[in-house]
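Here the structure is a predicted model, which is why all the values come from computation and not from measurement. Quick note: numbers below take in every heavy atom, side chains included, and nothing from hydrogens, waters or symmetry partners.
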Amino acid sequence: SQTIHQWPATLVQPVGSPLSLECTVEGTSNPNLYWYRQAAGRGLQLLFYSIGIGQISSEVPQNLSASRPQDRQFILSSKKLLLSDSGFYLCAWSAQGAVNEQFFGPGTRLTVL
Amino acid sequence: AQTVTQSQPEMSVQEAETVTLSCTYDTSESDYYLFWYKQPPSRQMILVIRQEAYKQQNATENRFSVNFQKAAKSFSLKISDSQLGDAAMYFCAYRRRTGNQFYFGTGTSLTVIP
């Protein structure tokens, strides 16, 4: 069966510090991968998605970036965090070429102070 | 561009009663997929139910069912015999058949009153 992992689960970082959130998927190959941000009490904002290694689509211009160094690994990064980067970050995957739903990871709660 | 609208930020229901959550979407596509996700306090997103646009029959999963009105671009979720464990944020989502992106509404927070 497929599983999706995210770490860390929680993170507190000072403004201006770098960020690296990691997401890995097991039990499937060549998945579509997604990063979402959920601000407090709000909906999901798609940040990035990837259909393959090295292929990243950015939905919202900001100081975040994403990379996919391996087939089942998706990384969300920032060189300098802003206060507005605080939120709950969700990674998700869906099967390529299929009309299945997305499967979500447990999320990372980021607080920027 | 596709948009998904959930016009009810908060809803409440008495335990064992029925509640309907609303969702509308905007698209020029004829073939697509619609989903309802549940996000309990644990924040883990869980798929509740899925509807394929080319199917006229409304999807049903146990106590959960949808009312899919394609012409009206409406996709409501009905929860019957509500239970305390149904308390959560519910998100409606859309995906074009040939697309990779999912579009989510802003969510409806459901409270179940004992």
Side-chain angles (χ1 to χ4, degrees), chain A residues 1-11 21 23 30-52 55-60 66 68 74 87-111, chain B residues 1-10 21 23-25 29-55 59 61 64 66 75 88-111:
Chain A
S1 64
Q2 301 88 6
T3 55
I4 178 169
H5 305 279
Q6 281 186 250
W7 64 90
T10 59
L11 190 60
L21 303 182
C23 171
N30 199 26
N32 291 326
L33 295 171
Y34 307 81
W35 278 112
Y36 292 91
R37 176 168 60 202
Q38 186 178 24
R42 302 184 66 180
L44 296 170
Q45 179 187 33
L46 178 64
L47 301 175
F48 302 94
Y49 74 93
S50 171
I51 62 172
Q55 301 180 66
I56 310 294
S57 295
S58 175
E59 291 300 301
V60 183
R68 185 170 177 173
F74 205 25
F88 189 67
Y89 288 81
L90 284 161
C91 181
W93 74 274
S94 68
Q96 283 273 7
V99 295
N100 291 328
E101 64 271 20
Q102 285 183 321
F103 300 91
F104 286 83
T108 294
R109 182 179 300 279
L110 172 65
T111 303
Chain B
Q2 289 81 12
T3 58
V4 178
T5 302
Q6 293 179 250
S7 59
Q8 306 154 315
E10 298 178 349
L21 308 183
C23 174
T24 58
Y25 56 95
E29 302 287 330
S30 60
D31 201 2
Y32 49 86
Y33 298 83
L34 298 164
F35 308 89
W36 278 100
Y37 280 88
K38 169 185 177 181
Q39 187 182 39
S42 67
R43 309 292 298 263
Q44 177 68 57
M45 293 281 282
I46 304 164
L47 178 71
V48 174
I49 200 164
R50 171 179 54 198
Q51 176 77 43
E52 297 168 63
Y54 66 87
K55 291 185 177 179
E61 289 287 342
F64 299 86
V66 299
F75 183 60
M89 182 75 81
Y90 286 82
F91 291 96
C92 179
Y94 163 100
R95 175 185 174 174
R96 187 162 50 99
R97 171 179 272 274
T98 56
N100 297 306
Q101 293 171 265
F102 291 71
Y103 299 89
F104 285 82
T106 52
T108 296
S109 178
L110 178 66
T111 300

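Interatomic distance, B:F104 CZ to A:Q38 CD, rounded to the nearest 0.5 Å: 10.0 Å. Rounding to the nearest 0.5 Å gives a distance of 6.0 Å between CG of B:N100 and CD1 of A:I51. The distance from atom CD of A:Q102 to atom CG of B:L47, rounded to the nearest 0.5 Å, is 10.5 Å. For the atom pair CZ (B:F102) and CG (A:L44), the distance works out to 12.0 Å, reported to the nearest 0.5 Å.
Listed by chain and number, the residues in a side chain to side chain donor-acceptor pair (under 3.5 Å) with B:Q101 are A:E59 (sequence neighbours excluded). When the side chain to side chain contact (heavy atoms under 4.5 Å, CB included) test is applied to A:F103, the partners found at least two apart in sequence or on another chain are A:W93, A:E101.
Looking at B:Y32, there are no atoms closer than 4.5 Å to chain A (heavy atoms on both sides), in backbone or side chain.
Contact record, A:S94 with B:R95: OG-NH1, 4.1 Å, taken as the closest heavy-atom pair.
Residues B:Q39 and A:F104 fail the side-chain proximity criterion, which asks for heavy atoms closer than 4.5 Å. Inter-residue side-chain proximity for B:R43 and A:R109 is flagged as met; some heavy-atom pair is nearer than 4.5 Å.
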